[in-house]
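Every chain is numbered from 1, with letters handed out A, B, ... down the list of sequences. Below, all heavy atoms of this structure are taken into account, side chains as well, without hydrogens, waters or symmetry copies.
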Amino acid sequence: MKGSSPGKFAKGVHLRIRRLRRSELPVDSVALARFLIGKTLVRESASGRISGRIVEVEAYVPGDAAAHSFRGPTRANRSLFLRRGHAYVYFAYGSSFMMNVSAETDGIGGGVLIRALEPLEGIALMRRHRRTDNIFDLTRGPGRLASALKIDRRLDGIDLCARGPLWLGAAIKPSGKIGQSARIGISREVHRLLRFYERGNPHVSGPKWLSP
DNA sequence: TATGCGATATTCT
DNA sequence: GAATATCGCATAG
C-alpha cells in the first residue's frame, strides 16, 4: 500500500453486494448463462476487493463437442462436473487463465464461460494487474478479466456461492436486452448460438458485427 | 476497424 | 507432434 487512508477507498466505488444463493442459480447451462448476464463477479484479495458486472458469457452444455467436459472428467476438467455454482479455471494458449461457472447437477459436465465484465470496484487494482489504463482493456475478454481479477488455478473448484476469494453477487443494476450469437474461438459446434451478451455494452468482447 | 501472426504451456493423439 | 473456449502487436485500409 502506498501511503493513503487505510481502511477507506481514496476513490472508486464501494458497493454493498448480496451473495447469490445456489438455489437461485438455474441448473441448466443455457438458463444459467442467460441468468448470469447483469450479475456480479466479486474477487476478495489481501490487496482489496475487485468486482465487475457480467456482460458476456458462453454456455458449454452436456453433449457439446466444443465443451471441455465432452470426453468425460479428467484431473484438469473435473470442476465442470461439480454441481452448479463452482469455479472451473484452466490455462490456455500458454498465456491466459479462463473461468467458468459450473452448471448442471453433480456428475454432469456443463459450464458457463465468463467472457467479459463491466468494471465496478477495484479499478485501480485492475489497472495494476493488467498494466494498462484503458478501462476497456481491463476486463474485455476471458483472459483479460482473469488477469484483472488475479484468477488462476488456485481458485479452480471453489464454491462461488460461499464466502471466499471469489463469489457471485446479485445485480447492481438490471440487465438490458440480451443478445445471442455463435461462440468465439472454437472449431467444433460452431453454429450453436450459445454466446449471450448485454446489447450495447461497450465492455463486450469480439468483433462489433457479432454483437449487434 | 479488420485481419494476420507469433508466443507460450498444457493436454491429447 | 498437433491443437487450443487468447492476447498484443503489426500492418493495411
Side-chain angles (χ1 to χ4, degrees), chain A residues 28-37 41 52 54-82 84 86-104 108-117 119 126-157 160 166 178-198 200-212:
Chain A
D28 175 77
S29 301
V30 174
L32 179 62
R34 299 193 78 111
F35 171 85
L36 287 176
I37 296 291
L41 182 65
I54 298 171
V55 297
E56 182 188 357
V57 299
E58 284 174 359
Y60 288 86
V61 306
D64 176 1
H68 288 182
S69 54
F70 185 60
R71 294 174 188 282
T74 66
R75 177 168 7 212
N77 71 12
R78 61 185 170 186
S79 300
L80 274 178
F81 293 81
L82 298 172
R84 67 195 191 280
H86 290 79
Y88 164 53
V89 180
Y90 68 97
F91 190 59
Y93 294 108
S95 56
S96 306
F97 288 101
M98 290 172 224
M99 186 218 147
N100 287 232
V101 179
S102 70
E104 311 296 334
I108 303 294
V112 177
L113 171 69
I114 309 297
R115 283 199 59 92
L117 303 175
M126 295 195 221
R127 289 194 161 122
R128 204 174 309 163
H129 296 157
R130 292 274 305 119
R131 298 170 186 279
T132 177
D133 283 337
N134 185 344
I135 191 78
F136 297 111
D137 284 340
L138 298 179
T139 52
R140 181 171 56 188
R144 291 172 178 152
L145 76 87
S147 164
L149 271 61
K150 269 213 158 8
I151 292 172
D152 61 32
R153 237 177 339 229
R154 291 190 298 255
L155 299 179
D156 182 43
L160 299 170
L166 188 65
I178 295 178
Q180 185 169 7
S181 83
R183 294 172 291 185
I184 294 176
I186 58 170
S187 56
R188 295 186 287 188
E189 310 254 11
V190 294
H191 58 283
R192 302 184 78 163
L193 302 180
L194 294 177
R195 172 176 172 267
F196 303 94
Y197 60 94
E198 183 178 43
N201 191 298
H203 298 278
V204 169
S205 79
K208 273 204 155 147
W209 58 264
L210 194 61
S211 309

Open item on the list: Distance check, rounded to the nearest 0.5 Å: A:M126 atom CE versus A:K150 atom NZ?
Closed with: 13.0 Å
Open item on the list: What I want to check is whether the side chains of A:S181 and A:R195 have a donor and an acceptor closer together than 3.5 Å.
Closed with: yes
- [ ] Would you give the length of the straight line joining atom CZ of A:R192 to atom OH of A:Y60, rounded to the nearest 0.5 angstrom?
- [x] 11.0 Å
TODO: Measure across A:P62 and A:E104 and return the closest heavy-atom pair with its distance rounded to 0.1 Å.
DONE: CD-OE2, 3.6 Å
Open item on the list: Only Watson-Crick and G-U wobble pairs with both distances less than 3.5 Å should count. Give DNA chain C in dot-bracket notation, marking inter-strand partners with |.
Closed with: ||||.|||||||.
Open item on the list: With nearest nucleotide decided by heavy atoms, which residue, A:L113 or A:R144, maps closer to the 5′ end of DNA chain C?
Closed with: A:L113
TODO: Output the residues of residues 189-198 of chain A in contact with DNA chain C, where contact means a heavy atom of the residue under 4.0 Å from an atom of the strand; sort by number or write none.
DONE: none
Open item on the list: What is the first contacted nucleotide of DNA chain C and what is the last, in 5' to 3' order, if contact means an atom lying under 4.0 angstrom from a heavy atom of chain A?
Closed with: C:dT4 to C:dG8
TODO: Would you mind telling me which residue lines up with the more 5' stretch of DNA chain C, A:S96 or A:S187, judged by nearest nucleotide?
DONE: A:S187
Open item on the list: Looking at every non-hydrogen atom in both residues, tell me the closest pair between A:M99 and A:L160 and how far apart they are.
Closed with: CE-CD1, 3.7 Å
Quick one: side chains of residues 140-148 of chain A, donor-acceptor pairs under 3.5 Å with protein atoms, not counting sequence neighbours, listed by atom name and distance.
from: A:R140; atom 1: NE; to: A:F136; atom 2: O; distance (Å): 3.3
from: A:R144; atom 1: NH1; to: A:R140; atom 2: O; distance (Å): 2.9

Open item on the list: Please report the distance, rounded to the nearest Å, between CZ in A:F91 and P in B:dA7.
Closed with: 16 Å
Open item on the list: So which atom in A:V61 and which in A:S29 form the shortest heavy-atom distance, rounded to 0.1 Å?
Closed with: CG1-CB, 3.8 Å
Open item on the list: On a heavy-atom basis, which atom in A:Y197 and which in A:Q180 lie closest, and how many Å separate them?
Closed with: CE2-N, 3.5 Å
Task: Distance-minimising heavy-atom pair for A:L117 and A:I114 - done: CD2-CG2, 4.0 Å
- [ ] State the CD1-CZ distance between A:I135 and A:R130, to the nearest 0.5 angstrom.
- [x] 11.5 Å
- [ ] With heavy atoms under 4.0 Å as the rule, sort A:A66 into base, sugar-phosphate or nothing.
- [x] base
Open item on the list: A:F91: which residues meet the ring-ring contact (aromatic ring centres under 6.0 Å, His included) condition with it, sequence neighbours left out?
Closed with: A:F97
Open item on the list: Does anything in residues 68-75 of chain A come within less than 4.0 Å of DNA chain B? Heavy atoms only, and list the residues if so.
Closed with: A:R71, A:T74
Task: Backbone N/O of A:S102 and side chain of A:N100: donor-acceptor pair under 3.5 Å - done: no
Task: Over all atoms of both residues, closest heavy-atom pair of A:G72 and A:N77 - done: O-ND2, 3.1 Å
